[in-house]
There are 2 protein chains.
Amino acid sequence: MSDKVTITDVARKAGVSLSTVSNLLNGRSKRMRPSTEQRILEAIEELGYTPNQAARQLKTGQSAIIGLIVPSVANPFYGIFARHVESAALKLGYQVLLGNSDRDPEREFKYAEELWGYGVRGLIFGSSLFQLSHFDNLISRGLHVVAFERPTQEADGNRVDSVGIDNYLAARLATKHLLSLGHKRIGFLSGPIQTVSRLDRLSGYQSALRDADIQSDPELIWDVSPSENSYGDADAVDLGRQGTQELLSRLNPPTAIFAINDMFAFGAYAGAKDMGLRIPTDLSVVGVDDITLTEIVQPSLTTVRQPIEKIATMAVNRLVARLEGKFDEEQDHQILPPQLIVRSSTTQPPK
Amino acid sequence: MSDKVTITDVARKAGVSLSTVSNLLNGRSKRMRPSTEQRILEAIEELGYTPNQAARQLKTGQSAIIGLIVPSVANPFYGIFARHVESAALKLGYQVLLGNSDRDPEREFKYAEELWGYGVRGLIFGSSLFQLSHFDNLISRGLHVVAFERPTQEADGNRVDSVGIDNYLAARLATKHLLSLGHKRIGFLSGPIQTVSRLDRLSGYQSALRDADIQSDPELIWDVSPSENSYGDADAVDLGRQGTQELLSRLNPPTAIFAINDMFAFGAYAGAKDMGLRIPTDLSVVGVDDITLTEIVQPSLTTVRQPIEKIATMAVNRLVARLEGKFDEEQDHQILPPQLIVRSSTTQPPK
DNA sequence: CTAATTTAGTGTAACGTTTTACCAAATCGA
DNA sequence: TCGATTTGGTAAAACGTTACACTAAATTAG
């Protein structure tokens with residue numbers, strides 16, 4: 001068995017030219033005798049021929065790979081998302097090259113550049129930063145970008161598609177649920193806040209309070225500056241724990257917490273326990289995402305669901321449509337509705 | 001800004017031949033005036049030149065990509081592992097192409113073949129199946145494989161490296177811990193059992209029972225056949241829940257459960273609750289992996305820790321050493337010790 | 001029977017890069 | 001000064017594939 005099997009080997013074995021083999025492989029076999037086709041297919045099978053994608057890419061100018069950049073796949077939300085992206089992409093004949101960026105623009109830029117060199121012309125992007133200017137050069141060269149987790153922004157310059165939930169509404173649903181239970185002191189627990197999705201969620205929280213004629217109290221809002229390390233994607237649970245301890249140590253502590261996502265909510269569980277409080281008796285908790293485990297933690301978590309699979313599938317379909325020239329319109333923003341899922345982590349405030 | 005910047009553009013702008021640019025890029029600049037070098041670097045910067053990896057691959061026969069095949073990155077263990085693999089690979093100048101296989105040999109084969117076409121000559125592989133014969137053809141053509149989660153097997157034909165913990169010992173540690181607490185009825189909770197790592201864990205469990213002069217009782221062992229879908233990697237929690245309910249419904253139910261991994265252990269938590277039992281008062285639970293969340297679930301999970309980051313780093317280093325011809329010896333197996341982490345999910349059996 | 005059309009292929013240039021062999025000019029050493 | 005050596009480059013072939021232009025032979029239509 002030789003190291004290398006090329007189209008020339010197949011052609012020789014089948015007794016045809018290499019163009020004929022290529023014609024068969026590329027859907028141009030209309031003008032081909034069945035017996036010729038059969039000989040070629042047998043030669044391919046016997047030799048175990050696989051096309052060299054580099055050669056294809058060199059000639060065609062693109063490869064069947066899309067890029068996916070997420071903060072960290074060690075966070076279950078992004079792990080699940082990545083899984084669905086891969087499934088959707090494979091169905092359309094594409095491989096996925098995954099990058100973990102911790103929302104660092106420089107790292108994202110570096111990734112995009114490297115992926116460009118591998119013929120990647122489409123990118124699904126999920127760090128929810130405000131600026132995508134680090135991609136400007138590549139975008140003007142033809143890179144297609146679909147953002148999830150945040151709607152398109154003015155600074156995107158009409159060149160970025162997006163798919164995601166309405167984060168403002170997600171936060172309103174969560175906060176109104178807590179208000180309907182009678183909570184007046186509702187904490188807002190977040191990692192570093194300077195992302196589009198997190199600020200939208202803060203707005204939604206504040207808007208729901210206003211609707212109930214409750215003034216938003218800065219003492220009830222917890223976030224930290226981005227550390228050299230991250231926006232808290234990889235250590236969300238620890239940050240959530242710490243933030244909850246601090247909120248509960250204040251003069252007039254919350255009776256309920258709206259956490260920026262489920263992993264922060266799990267951290268709130270631990271932080272409350274550290275402070276000798278019980279969920280939900282002493283402190284109610286709501287998250288966002290509805291990742292695996294929300295049903296089986298004790299108590300099961302009330303959360304606002306993102307339809308992760310649907311978002312992933314829509315993002316892939318939009319991107320591939322752009323890549324294959326099947327979608328030509330201006331930038332496109334698809335918003336999916338979030339859904340409140342009430343479980344056992346929320347109840348009336350303690351007396 | 002042109003769509004395409006090639007080495008020829010850089011050469012023209014710098015006033016040198018394209019060979020000279022290539023010499024600089026590929027570490028052959030010893031015979032180059034500093035002023036020439038400077039001109040080239042400036043041209044590269046101004047034009048935003050990135051080498052076309054397909055062209056490189058076509059010429060050199062390989063690309064700086066390694067493949068990683070795991071059952072499902074939606075399972076946090078593999079998500080965390082993938083993250084560490086990526087970090088280690090990037091440090092060595094490699095990208096990672098990730099495939100989710102649900103341990104289906106056909107899918108694995110298809111992945112490996114597709115990755116081969118992208119110039120991938122090294123694969124980190126984590127489905128713990130017995131046979132890697134579906135890779136034989138590619139291995140004999142030069143594919144390097146490092147398996148994690150299972151030691152090398154005879155059937156590997158001396159061509160597969162591996163890195164992982166001693167699964168037998170992991171199970172012994174867990175089971176002996178439960179025995180030391182006084183448990184006599186210890187359940188074994190698993191997904192489909194026909195993987196190397198899971199059978200090793202079953203052996204370790206049974207061996208620890210024998211050491212305590214306790215006969216292994218089939219009524220205490222729960223596993224299911226592989227469904228069309230999976231080995232339970234993506235729905236581990238649900239399977240664990242179901243299995244625990246069934247074990248607890250039997251005539252002489254267990255007072256403790258050793259779960260095949262942490263996600264199954266979380267499922268055991270839910271299953272026990274469904275049956276009106278408390279962890280650990282009525283049922284003790286031990287897992288394996290020590291993934292994120294084991295500390296913050298209630299009660300925090302006693303588990304056997306896999307040093308995930310270390311395994312990932314070692315696997316990447318071994319693979320790259322093979323790829324770059326720096327490691328030539330026979331197949332290599334690195335075993336790391338598992339570590340029992342006692343938390344709050346285990347206590348003495350109820351009276 | 002002859003001209004027009006169709007069939008079933010084939011030859012070849014090009015994609016962007018690497019790397020080897022080569023060479024003119026400059027420098028060094030005797 | 002002249003031959004040997006070094007410097008600082010360059011030209012060109014090759015990697016495996018795609019797709020366009022082309023062509024000989026067979027078939028069809030008048």
Side-chain angles (χ1 to χ4, degrees), chain A residues 2-41 43-44 47-64 113-114 116-121 141-142, chain B residues 2-41 43-44 47-64 113-114 116-121 141-142:
Chain A
S2 123
D3 272 4
K4 209 180 322 190
V5 182
T6 69
I7 204 167
T8 304
D9 300 316
V10 174
R12 189 181 302 119
K13 192 170 186 69
V16 295
S17 75
L18 64 91
S19 295
T20 306
V21 180
S22 181
N23 284 340
L24 178 57
L25 291 176
N26 292 288
R28 293 186 302 271
S29 56
K30 200 164 165 193
R31 287 183 170 178
M32 196 177 290
R33 277 188 260 260
S35 64
T36 307
E37 179 168 340
Q38 185 66 18
R39 278 198 333 270
I40 296 172
L41 290 174
I44 287 171
L47 292 172
Y49 168 72
T50 305
N52 184 314
Q53 298 293 337
R56 275 185 173 179
Q57 186 192 319
L58 190 54
K59 182 63 191 175
T60 65
Q62 64 182 22
S63 63
E113 263 209 330
E114 279 177 29
W116 183 267
Y118 285 102
V120 175
R121 296 292 180 271
R141 287 206 240 168
Chain B
S2 120
D3 271 5
K4 210 179 321 190
V5 182
T6 69
I7 203 167
T8 304
D9 300 316
V10 174
R12 189 182 302 122
K13 192 172 188 65
V16 296
S17 75
L18 63 91
S19 296
T20 306
V21 180
S22 182
N23 285 337
L24 177 56
L25 291 177
N26 293 290
R28 290 185 303 270
S29 56
K30 199 167 165 189
R31 289 185 168 180
M32 195 177 292
R33 278 188 259 259
S35 63
T36 307
E37 179 169 338
Q38 186 67 16
R39 276 196 336 268
I40 296 171
L41 290 173
I44 286 169
L47 292 172
Y49 167 73
T50 305
N52 183 314
Q53 298 292 340
R56 276 186 172 177
Q57 186 192 319
L58 189 54
K59 183 64 191 174
T60 66
Q62 62 181 23
S63 63
E113 261 209 332
E114 280 177 28
W116 182 267
Y118 284 102
V120 174
R121 297 292 180 269
R141 287 207 238 169

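Letters A, B, ... mirror the listed sequences (proteins, then strands); counts begin at 1.
- For A/T20, whose side chain is taken as the heavy atoms from C-beta onward, the closest listed nucleotide among C/dG9, D/dA19, D/dT10 is C/dG9.
- Pairs of residues two or more places apart, or lying in two chains, never qualify as side chain to side chain donor-acceptor pair (under 3.5 Å) while including a residue from residues 55-64 of chain A.
- When the nucleotides C/dT12, C/dT17, C/dT19 are ranked by their closest atom to the side chain of A/L18, C/dT12 comes out on top.
- Rounded to whole Å, atom P of D/dT7 lies 17 Å from atom CZ of B/R28.
- The side chain of B/S17 contributes an N or O atom lying less than 4.0 Å from OP1 or OP2 of D/dT10.
- Straight-line distance from the CD1 atom of A/I44 to the P atom of D/dT17: 11 Å, rounded to whole Å.
- When each of C/dA8, D/dT18, D/dG16 is scored by its nearest atom to the side-chain atoms of B/L58, the top-ranked nucleotide is D/dG16.
- Between A/L24 and A/T36, every side-chain heavy-atom pair lies at or beyond the 4.5 Å cut-off.
- Distance, B/M32 CE to D/dG9 C1': 8 Å, rounded to whole Å.
- Distance CG (B/N23) to P (C/dT18): 10 Å, rounded to an integer number of Å.
- Along DNA chain D, the nucleotide nearest to A/P51 and the one nearest to B/V16 differ in position, and the one closer to the 5' end is contacted by B/V16.
- At whole-Å resolution of the value, CZ in A/R31 and C1' in C/dT10 are 13 Å apart.
- Considering only side-chain atoms of B/N52, the nucleotide from C/dT18, D/dG8, C/dG16 that sits closest is C/dG16.
- Atom pair B/I40:CD1 and D/dG8:C1' shows a separation of 11 Å (rounding to whole Å applied).
- Atom pair A/Q62:CD and C/dG16:P shows a separation of 14 Å (rounding to whole Å applied).
- Put simply, A/Y118 has no side-chain N or O that comes within less than 4.0 Å of OP1 or OP2 on C/dG16.
- Applying the 4.0 Å criterion to OP1 and OP2 of D/dT17, one finds that A/S22 has every side-chain N and O outside that range.
- With contacts defined as side-chain heavy-atom distances shorter than 4.5 Å, the pair B/I7/B/L25 qualifies.
- D/dT17 atom P lies 9 Å from atom CG of A/L25, rounded to whole Å.
- For B/S19 against D/dA12, a side-chain N or O and a base N or O form a donor-acceptor pair under 3.5 Å.
- Distances were taken from every side-chain heavy atom of B/K59 (C-beta onward) to each of C/dT17, C/dA8, D/dG9; the shortest belongs to C/dT17.
- If you check C/dT17, D/dG9, C/dT10 against the side chain of B/A55, the one that comes closest is C/dT17.
- Residue A/T36 places at least one side-chain N or O under 4.0 Å from the OP1 or OP2 atom of C/dG9.
- Residue A/R56 places no side-chain N or O under 4.0 Å from the OP1 or OP2 atom of D/dT17.
- When every heavy atom of B/G15 is checked against every heavy atom of B/R39, the shortest pair comes out as O-NH2, 3.9 Å.
- Side-chain contact check for B/V16 versus B/V21: some heavy-atom pair is nearer than 4.5 Å.
- Listed here is the closest heavy atom pair of A/L47 and B/R141: O-NH2, 4.4 Å.
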